[in-house]
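What follows is one structure encoded as structure tokens, with my remarks underneath.
Each residue takes its place number in the sequence, starting with 1. Keep in mind it's a predicted model, so treat the numbers as computed, not measured.
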Amino acid sequence: MTPRTTTSSPAAAPATVPSRTTAPAPDTSATAVSPLPPLVEQAERLIALGVHELAGLSAREVRDAVGRLALSAPPGGLLAAHPRLAPPSVLAPLLRLGDKEGFVVVDMDDVDRFEPLEGLALPEEALYVVTDVDRGDDMANWSPDEALPELARRGRTPLVLSEGIHWAVQVPDVVARNHCFMTIGSRLRKDRGRLDSRTPAVWISNGTGRDGKERRGAPKVGWCWAGNRHTWLGFASGARRVV
């Protein structure tokens, strides 16, 4: 079978979204992120965690798909399962920081209803690769409303939540204290097409409030308001999606 490569265009920023005219100075204290392992190793990790079964795939189907993807995708890409097969709610508990298991915040029980932004098309295939993923540390202290048009200007595509979780499953140190990330490619569309104001993010729980003390230091899937800025959250993005 001849490998097929398709790319997705960065999501178009809404015309009414404000854009910052100058970027803040890069955070030189940001921690280095370990490189992604080869696609074959990523596939074996997903199989070991049972992601293939959650997605309704056999181990052989995953390995065969990755064999094809390795021919078309550039090195260093992120292997992701389509969120219709492996939604964020089933991926989040696979996150680990030390002995702490990942979780979704209690006031985000609709996490699987967050879908790609209009203009951001995911491949239809069960497995695909996101190339050149970046945590977006240089955009810390931007709001999602400000960051989206900037990512579009740079020709990059924001990660959807399931992709961000896949990245943290493969490279746990991408979720680091004071250096975590939003996945603003996913938004919840309400009645009449309006966007919910929440934007998904992956960070580390402080064990306060409804998280519970026992979850202090655990990787956490939560949300932030689209208009708010946070000094400790970048904006995860990629160059393109390949199948």
State whether [X] and [Y] are salt-bridged, where the test is any N-O pair (Lys NZ or Arg NE/NH1/NH2 against Asp/Glu carboxylate O) under 4.0 Å.
X: Asp196; Y: Arg187; answer: no
X: Arg229; Y: Glu146; answer: yes
X: Arg156; Y: Asp134; answer: no
X: Glu150; Y: Arg154; answer: yes
X: Asp64; Y: Arg60; answer: yes

Going by heavy atoms in the side chains, are [X] and [Y] under 4.5 Å from each other?
X: Lys190; Y: Leu195; result: no
X: Met108; Y: Asp110; result: yes
X: Cys224; Y: His230; result: yes
X: Pro158; Y: Leu120; result: yes
X: Leu148; Y: Ile184; result: yes

Closest non-hydrogen atom pair, [X] against [Y]:
X: Val221; Y: Ile165; value: CG2-CD1, 3.9 Å
X: Ala226; Y: Ser143; value: O-CB, 3.7 Å
X: Leu85; Y: Ala126; value: CD1-CB, 3.5 Å
X: Cys180; Y: Val175; value: SG-CG1, 3.9 Å
X: Arg135; Y: Trp167; value: N-CH2, 3.4 Å
X: Gly76; Y: Leu36; value: O-CD1, 3.6 Å

Output yes when a side-chain donor or acceptor of [X] lies under 3.5 Å from a complementary backbone atom of [Y], and no otherwise.
X: Glu61; Y: Ser58; answer: yes
X: Glu44; Y: Glu41; answer: no
X: Asn206; Y: Thr208; answer: no
X: Gln42; Y: Pro37; answer: yes
X: Thr157; Y: Ala239; answer: no
X: His179; Y: Leu233; answer: no
X: Arg84; Y: Glu124; answer: yes

| message | Can you confirm whether more than 12 heavy atoms, excluding those of Arg113, are under 6.0 Å from its CZ atom? | response | no

So, taking the atom named [atom1] in [X] and the one named [atom2] in [Y], what distance separates them when rounded to the nearest 0.5 Å?
X: Arg241; Y: Thr131; atom1: CZ; atom2: OG1; result: 9.0 Å
X: Arg216; Y: Ser205; atom1: CZ; atom2: OG; result: 8.5 Å
X: Leu57; Y: Leu127; atom1: CG; atom2: CG; result: 6.0 Å
X: Thr199; Y: Trp223; atom1: OG1; atom2: CH2; result: 9.0 Å
X: Met182; Y: Asn228; atom1: CE; atom2: CG; result: 8.0 Å
X: Arg215; Y: Lys220; atom1: CZ; atom2: NZ; result: 9.5 Å

Report all side-chain donor-acceptor pairs from residues 86-96 shorter than 3.5 Å, counting only partners two or more places apart or in another chain.
from  : atom 1 : to     : atom 2 : distance (Å)
Ser89 : OG     : Asp112 : OD1    : 3.4
Ser89 : OG     : Asp112 : OD2    : 2.5
Arg96 : NH1    : Pro93  : O      : 2.5

| message | Set out, in order, the CA-CA distance, both residues' side-chain angles and the distance that settles side-chain contact (heavy atoms from CB on, under 4.5 Å) for Phe181 and Phe235, then state yes or no. | response | CA-CA 5 Å; Phe181 59 88; Phe235 294 87; over 6 Å; no

| Passes side-chain contact (heavy atoms from CB on, under 4.5 Å), Arg45 versus Gln170? Steps please. | CA-CA 7 Å; Arg45 176 158 177 76; Gln170 297 288 353; 3.5 Å; yes

| Taking the inter-plane angle between the rings of His82 and Tyr128 on a 0 to 90° scale, is it parallel (under 30°), tilted (30 to 60°) or perpendicular (over 60°)? | perpendicular

| Without hydrogens or angle criteria, can the side chains of Ser34 and Asp173 be said to hold a donor-acceptor pair below 3.5 Å? |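 Distance-only check passes for Ser34 and Asp173.
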
| field | No-hydrogen, no-angle side-chain donor-acceptor test under 3.5 Å, Thr231 and Asn141 | value | no

| task | Please report the C-alpha distance between Phe103 and Asp211 in whole Å, then the side-chain angles of each, then the deciding distance to 0.1 Å, and finally whether the side-chain contact (heavy atoms from CB on, under 4.5 Å) criterion is met. | result | CA-CA 9 Å; Phe103 68 100; Asp211 287 359; 3.7 Å; yes

| message | Do Leu188 and Val106 sit in one hydrophobic cluster, given that two such residues count as connected whenever their side-chain heavy atoms are within less than 4.5 Å of each other, even indirectly? | response |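 In one cluster with Leu188: Val106, no.
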
| task | Consider only side-chain heavy atoms of I, L, V, M, F, W and Y, link residues closer than 4.5 Å, and tell whether Leu161 and Val171 are in one cluster. | result | yes

| query | Please walk me through it: do Val66 and Arg63 pass side-chain contact (heavy atoms from CB on, under 4.5 Å)? | reply | CA-CA 5 Å; Val66 167; Arg63 292 179 178 123; 5.8 Å; no

| said: Against Leu78, only a single residue in Val133, Val169, Asp132 fulfils side-chain contact (heavy atoms from CB on, under 4.5 Å); can you say which? | reply: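 With Leu78 as partner, side-chain contact (heavy atoms from CB on, under 4.5 Å) holds for just one option, Val133.
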
